[in-house]
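To keep things clear, I will list the structure first and then write my remarks on it.
The chain is numbered in sequence order, starting from 1. Reckoned from all heavy atoms, side chains included, excluding hydrogens, waters and symmetry mates.
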Amino acid sequence: MATRSRPRRAAPAAGTDTPAADAAPATAPADTPRPKRPPRKTAARAEAPPEPAAPAAADAVPAAESPSTPAAKASPRRTAANKAPVKKASADKAADRVVEKVAEKAVAKPVGDAPVAKTPPARKATGKTAATTATTTTTADTAATTATSAAPKAAPKTAAKTPGPKSPAKKRAVPPALPAVDSTPPPAPVEVTAASDGPAEPAESAKAPRSRGKAAPVADEAAVDAPPAPVAPAAPLLPYSVVHLVDGDERRLRWVAGAGCPDTLHEAAAEHADADGFLPADDDDALPTLLRLADEAGHALQVEPAAWLQLAHSRDARHRLHQLETSYPEGPTSPALQALLRAPLAPFQAEGALFATCAGRALIADERGLGKTVQALAAAVLLHRHAGVRRVLLRCAPARRLSWQREWARFVRETDLELRIGDELADGWTPDLVLIDEPQRLERWEAIDAPFALVLCGADLSAQPALLDALVRFLDCHRQGPLARLVQHGAAALDDGLQTLLLRRRRREVAAQLPDSVQSERVLTMEAPQRAAHDRALADARARLAGWRRSGRLSDAEQWQLGVALQAARVACHRAEPGQADSPLAEATLTALQDLLGELRTTPGLRIALVCPTAADRTQLERRLGVAGRLALVLDGTALPAVDLVVRIGTPWRPQATPGQCVHLVADASLDAGLFDTLALRADVPCGPVEGGREGFLQGARLQRYLLAAEAALNAAG
């Protein structure tokens with residue numbers, strides 16, 4: 001095939017704008033003849049594109065090609081520009097050897113079978129080229145991604161020779177892909193001058209900081225160029241030492257030594273404080289010791305006022321504990337505690353009162369039916385005797401106010417201990433003690449401020465973390481540790497972390513101290529017609545008993561009339577039409593039942609039985625209340641199902657055998673309430689004809705016991 005001779009082109013001189021990969025080494029023969037090249041079929045000679053210096057992965061070797069394999073050994077490929085193969089000239093071979101050597105210098109020493117590439121020589125960083133060069137040391141993920149997208153474009157240029165004429169620009173070697181991390185310092189850069197303005201500037205996310213002088217890996221460049229972090233000067237020591245309060249979820253006293261602090265003071269502080277300088281809250285000798293040693297050495301030691309107040313709260317609690325231990329050496333079983341109220345306390349109830357008094361601000365979360373109200377009353381009396389409490393504020397649901405008033409009047413002896421129930425505080429009256437009954441049913445209870453506080457809560461606190469958090473924040477207002485433990489451990493702190501302010505018992509834990517049947521009440525207010533009918537019947541009953549007291553005798557007729565008057569007063573407490581025993585239940589009674597059952601149903605798994613006086617009452621209650629899965633409506637006198645709690649409308653003349661807990665719905669200031677207060681006195685009192693007695697009219701000693709029980713109930717009614 002005939003070829004057309006072409007003038008030989010001289011080799012470029014050193015210092016010309018030739019890419020580094022195309023420059024001939026100094027050892028190559030200068031007079032090596034170049035072969036005649038066939039004419040190009042294109043009109044204009046295509047210039048080689050400038051070498052991209054930034055992403056090394058763009059020129060990565062394909063995975064199938066070994067880095068040690070010269071690029072010249074790749075299989076030939078025909079191109080559209082030249083389809084006729086030509087004989088390779090010696091100059092091309094020399095250029096191939098140069099390319100191979102340049103490529104070998106860029107290949108790192110292989111580890112095992114997998115070749116590891118080193119960072120290729122960097123160009124002299126000038127202008128955009130410096131920023132582009134610096135990007136060759138990006139992370140492994142960026143390099144791998146770039147290599148994947150750029151490898152197909154690089155392969156046609158470097159992996160195969162074309163049979164047609166070649167130019168040095170097209171014989172460029174391909175450096176291998178960069179490793180993920182290369183801690184080896186890069187080789188000395190080859191100083192070249194780009195033949196063009198350089199490759200296009202990389203995207204903003206791939207740009208590296210511009211460097212001065214030699215290009216370096218990005219990590220090293222950042223470490224070199226970044227100014228050293230400023231070192232904060234050490235705070236000068238105060239001219240005096242100080243004990244200050246560190247605020248937070250737990251407030252603590254901290255000791256800080258000042259300039260010129262004597263060694264004796266340093267040693268004493270090291271004995272009492274921990275490694276961070278915090279003084280124990282229960283160490284009463286720490287602060288006095290430090291103050292004494294500072295005075296002896298003539299060194300100034302200042303104590304913040306807030307630190308003194310925090311220390312006072314801890315000391316007051318320990319002082320109350322010492323007083324209680326002295327006054328009641330036998331603990332909850334001390335005889336003096338049994339005379340605290342008008343009724344004796346079970347040992348676990350006395351324990352709750354002592355706990356609340358010692359803590360000052362406490363939460364009693366006993367299971368329902370364990371007498372939390374009585375424990376609160378006993379705690380108020382103890383605080384009155386040992387802490388000077390005189391004014392007590394009670395916050396409770398409206399339906400519970402009458403019950404609290406009755407309990408206070410029944411059990412508390414102290415006449416100089418004042419109780420107020422409500423939200424508003426008028427006339428500048430401020431409480432010494434605040435009692436909060438079931439806070440989950442109240443609003444704005446957290447805003448009440450008093451030195452002492454006692455919260456009664458029967459809710460499942462482990463299932464209500466928000467309520468538990470609010471209670472602990474309210475009670476631990478001095479931040480003595482419970483709040484910090486709650487924040488750290490959550491509901492798990494209920495067992496151990498909150499033992500200084502929380503007391504929680506279950507019925508099974510104190511079952512041995514409980515009676516077979518626990519009786520409690522829910523008090524309601526009668527409407528005006530009910531009250532009028534009740535008072536008339538009660539006046540009649542009192543007149544009959546007064547005649548018996550004067551004469552010492554009660555005829556059978558008067559015995560019957562007394563029984564009718566007592567029955568009429570009891571009917572008036574709960575009937576819409578007080579003069580008729582078969583009238584529907586009054587609205588006040590239905591509302592009180594709804595409120596009570598709503599509260600009881602919040603206790604998980606509690607089974608309830610509601611005793612209905614008549615069949616008509618049962619029908620009315622089914623329509624009004626509905627029958628849920630845990631509520632059973634049973635008629636009075638029938639066998640009770642297996643339940644946990646029984647609700648009765650009114651108070652029976654004689655106590656019923658009700659295992660567990662029984663709640664009686666009673667009217668305020670009524671015979672109903674009087675019968676409840678004296679329920680224990682009528683355990684074996686006979687029933688008259690009106691009450692359903694089967695022995696007819698009572699005579700002798702049996703009549704005497706009946707009349708005394710009726711008189712006691714009337715006196716308790718007020």
Side-chain angles (χ1 to χ4, degrees), residues 245 247-252 281-282 306 308-325 349-366 372-396 417 419-420 425 430-440 442 444-459 461 464 466-487 493-505:
L245 181 68
D247 205 353
D249 292 337
E250 181 177 7
R251 296 172 184 164
R252 305 177 66 186
D282 57 351
W308 283 115
L309 184 60
Q310 186 70 15
L311 182 62
H313 294 317
S314 300
R315 289 174 55 86
D316 289 343
R318 290 192 294 275
H319 179 67
R320 287 193 301 271
L321 175 61
H322 177 71
Q323 278 188 313
L324 295 175
E325 289 176 344
Q349 293 174 334
E351 179 190 11
L354 290 172
F355 174 82
T357 304
C358 181
R361 301 178 68 86
L363 167 63
I364 296 181
D366 289 345
K372 293 190 291 294
T373 301
V374 173
Q375 296 179 60
L377 298 179
V381 174
L382 286 175
L383 287 170
H384 171 67
R385 295 181 180 181
H386 301 284
V389 168
R390 296 181 62 249
R391 296 179 296 272
V392 181
L393 174 66
L394 170 66
R395 286 292 312 279
C396 65
L417 188 57
L419 173 68
R420 288 194 181 185
L425 301 179
T430 57
D432 302 318
L433 167 65
V434 57
L435 301 176
I436 300 177
D437 183 22
E438 303 297 342
Q440 68 274 16
L442 304 176
R444 304 189 311 275
W445 55 269
E446 307 97 324
I448 302 174
D449 186 19
F452 300 96
L454 177 57
V455 179
L456 310 177
C457 183
L461 295 176
Q464 301 186 43
L467 175 61
L468 177 61
D469 182 79
L471 288 172
V472 175
R473 291 183 183 276
F474 170 73
L475 294 171
D476 189 25
C477 60
H478 305 310
R479 300 296 185 262
Q480 295 179 314
L483 177 60
R485 292 188 286 272
L486 177 66
V487 171
L494 279 171
D495 296 328
D496 300 322
L498 305 180
Q499 70 270 18
T500 58
L501 62 76
L502 171 65
L503 182 63
R504 182 173 64 160
R505 281 84 54 93

Point-to-point distance, once rounded to the nearest 0.5 Å, from [atom1] of [X] to [atom2] of [Y]:
X: Arg361; Y: Leu454; atom1: CZ; atom2: CG; result: 10.5 Å
X: Gln480; Y: Glu250; atom1: CD; atom2: CD; result: 9.0 Å
X: Thr373; Y: Gln349; atom1: OG1; atom2: CD; result: 10.0 Å
X: His386; Y: His319; atom1: NE2; atom2: NE2; result: 10.5 Å
X: Phe474; Y: Asp449; atom1: CZ; atom2: CG; result: 8.0 Å
X: Leu311; Y: Asp316; atom1: CG; atom2: CG; result: 9.5 Å

State, with a plain yes or no, whether a side-chain heavy atom of [X] is found less than 4.5 Å away from one of [Y].
X: Val392; Y: Phe452; value: no
X: Arg479; Y: Arg252; value: no
X: Leu321; Y: Glu325; value: yes
X: Leu363; Y: Leu461; value: yes
X: Leu494; Y: Leu468; value: yes

Identified side chain to side chain contact (heavy atoms under 4.5 Å, CB included) counterpart of Asp476 within the set Leu471, Leu483, Asp249
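Passing option: Leu483.
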Checking side chain to side chain contact (heavy atoms under 4.5 Å, CB included) against Leu475, which of Leu502, Leu501, Thr500 comes through?
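Answer after filtering Leu502, Leu501, Thr500: Leu501.
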Can any side-chain N or O of His384 pair as donor or acceptor with the backbone N or O of Arg390 at less than 3.5 Å?
no
Main-chain N/O of Leu393 paired to Arg420 side chain as donor or acceptor, under 3.5 Å:
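Answer holds: no.
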Compare every heavy atom of [Y] with every heavy atom of [X], then report the nearest pair and how far apart it is.
X: Pro431; Y: Ala450; answer: O-CB, 3.8 Å
X: Pro482; Y: Leu498; answer: O-CD2, 3.4 Å
X: Ala459; Y: Gln464; answer: CB-NE2, 3.6 Å
X: Thr357; Y: Leu382; answer: OG1-CB, 3.3 Å
X: Gly388; Y: Asp432; answer: O-OD2, 4.4 Å
X: Arg395; Y: Ile448; answer: CG-CD1, 3.3 Å

Is any NZ, NE, NH1 or NH2 atom of the basic residue among Arg473 and Asp469 found under 4.0 Å from an Asp or Glu carboxylate oxygen of the other?
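Looking at Arg473 and Asp469, the cut-off is met.
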Verify the neighbour count for atom CZ of Arg318: are there more than 12 heavy atoms of other residues, nucleotides or ligands below 6.0 Å?
yes
Using the ring of each side chain (for Trp, its six-membered ring), is His313 parallel, tilted or perpendicular to His478, with breaks at 30° and 60°?
parallel
Please identify which of these residues, Lys372, Arg504, Arg505, meets the salt bridge (Lys or Arg N to Asp or Glu O under 4.0 Å) condition with Asp366.
Arg505
Begin with the C-alpha distance, continue with both residues' side-chain angles, and end with the deciding distance and a verdict on side chain to side chain contact (heavy atoms under 4.5 Å, CB included) for Leu419 and Leu417.
CA-CA 7 Å; Leu419 173 68; Leu417 188 57; over 6 Å; no
